[in-house]
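Atoms within a ligand are numbered from 1 in the order they appear, just like the ligands themselves. Just so you know, these numbers use all the heavy atoms, side chains as well, and skip hydrogens, waters and symmetry mates.
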Amino acid sequence: MTDAWTPVALARDLPRLGVVPLSVDGIDIALWRSASGRVAAWADRCPHRGMRLSHGFVRGEALSCIYHGWSYGSEGQCLRIPAHPDLTPPEAIRVPVFQAIESGGVVWVAPKTTDAMPPAVGGTALRSLTVDAVVDWAASGFALSGAVARGELSGVAMTILVQPLPNGRFALHALADSAAPAALIEASRGLEALRRQAEVALA
Ligand code: FES
């Protein structure tokens with residue numbers, strides 16, 4: 001287990017051809033999934049004129065910038081410049097690429113290169129929500145280790161992955177040990193109650 005990896009989404013919430021903006025450790029990232037299902041995390045800045053790549057679009061295994069349509073392949077290298085269709089783009093034109101992996105039903109990003117794997121987690125993807133406060137995990141009966149909180153909500157054992165967001169906010173990505181629909185509904189309500197509790201304590 002390592003702190004090098006940040007949980008950034010439940011895997012089912014990042015569809016094929018989807019691209020979303022993220023901030024991890026103060027770095028703006030475009031997180032996207034290719035047509036084949038590959039997950040990628042890139043610097044959210046087009047090498048051409050700096051447009052956010054998270055405004056772009058995915059075709060096949062490439063991400064294209066919305067501004068002038070430059071497209072970038074799986075390793076971040078520029079593949080095509082529409083205004084110069086016969087030009088082979090120079091090798092130096094490439095987007096910085098970060099490590100990204102889908103593991104245990106969660107998408108993880110490591111802004112700094114690491115040989116370690118993300119923590120082993122699993123369960124039924126419940127939901128992600130944001131909290132405008134720090135959750136007191138111990139008071140809520142959870143054991144927190146790195147980004148992983150283990151405990152129980154509404155009688156359902158679960159894993160909650162904690163993603164720091166800018167401005168003191170957090171995203172919580174929840175996986176339930178149970179797959180029973182009734183248990184998932186209760187666990188979801190429990191998660192909302194946990195958020196309310198944390199935000200009221202802050203107020
Ligand atoms: S700014 Fe991205 S292609 Fe021009």
Side-chain angles (χ1 to χ4, degrees), residues 2-119 121 125 127-132 147 161-173:
T2 171
D3 288 331
W5 293 93
T6 298
V8 295
L10 293 174
R12 61 125 197 248
D13 292 338
L14 181 65
R16 286 169 197 246
L17 310 185
V19 52
V20 294
L22 284 183
S23 175
V24 177
D25 295 349
I27 302 168
D28 291 329
I29 288 175
L31 179 74
W32 61 284
R33 192 191 286 279
S34 74
S36 71
R38 184 177 178 276
V39 167
W42 291 3
D44 195 5
R45 190 172 192 284
C46 179
H48 182 215
R49 297 258 177 97
M51 172 59 81
R52 280 188 178 274
L53 287 168
S54 55
H55 293 320
F57 52 94
V58 182
R59 277 210 189 111
E61 302 305 298
L63 176 62
S64 297
C65 178
I66 195 76
Y67 200 178
H68 307 97
W70 291 26
S71 66
Y72 302 92
S74 57
E75 300 310 318
Q77 77 282 13
C78 186
L79 296 176
R80 185 168 178 273
I81 297 176
H84 304 281
D86 297 329
L87 177 80
T88 300
E91 177 65 20
I93 303 179
R94 56 174 56 236
V95 183
V97 171
F98 304 105
Q99 285 174 285
I101 194 170
E102 184 176 331
S103 171
V106 175
V107 178
W108 304 81
V109 170
K112 290 187 187 142
T113 305
T114 177
D115 292 332
M117 288 298 289
V121 297
R127 62 186 290 194
S128 296
L129 51 69
T130 56
V131 188
D132 288 330
L161 302 165
V162 185
Q163 174 192 3
L165 299 176
N167 303 318
R169 306 176 80 217
F170 295 86
L172 306 182
H173 309 289

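Contacts between Trp70 and ligand 1, counted as non-hydrogen atom pairs separated by less than 4.0 Å, involve both the backbone and the side chain.
Using a 30° and 60° split on the angle between ring planes, Trp42 and Tyr72 fall in the perpendicular class, above 60°.
Taking atom 4 (Fe) of ligand 1 as the reference point, the nearest protein heavy-atom neighbour is His68 ND1, 2.1 Å. With respect to atom 1 (S) of ligand 1, the closest heavy atom belonging to the protein is Arg49 N, 3.3 Å.
Taking backbone and side chain together, His48 holds an N, O or S atom under 2.8 Å from atom 4 (Fe) of ligand 1.
For ligand 1 and Cys65, the ligand atoms under 4.0 Å from any heavy atom of the residue are 1 (S), 2 (Fe), 3 (S).
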Decide yes or no on salt bridge (Lys or Arg N to Asp or Glu O under 4.0 Å) for Asp28 and Arg45, but give the supporting numbers first. CA-CA 8 Å; Asp28 291 329; Arg45 190 172 192 284; over 6 Å; no

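Taking every heavy atom of both residues into account, Val97 and Glu75 meet most closely at CG2-O, 3.5 Å.
If you check the side chains of Gln99 and Thr114, you find no donor sitting under 3.5 Å from an acceptor.
Put simply, the residue from Leu53, Val8, Leu22, Thr6 that forms a side-chain contact (heavy atoms from CB on, under 4.5 Å) with Ile29 is Leu22.
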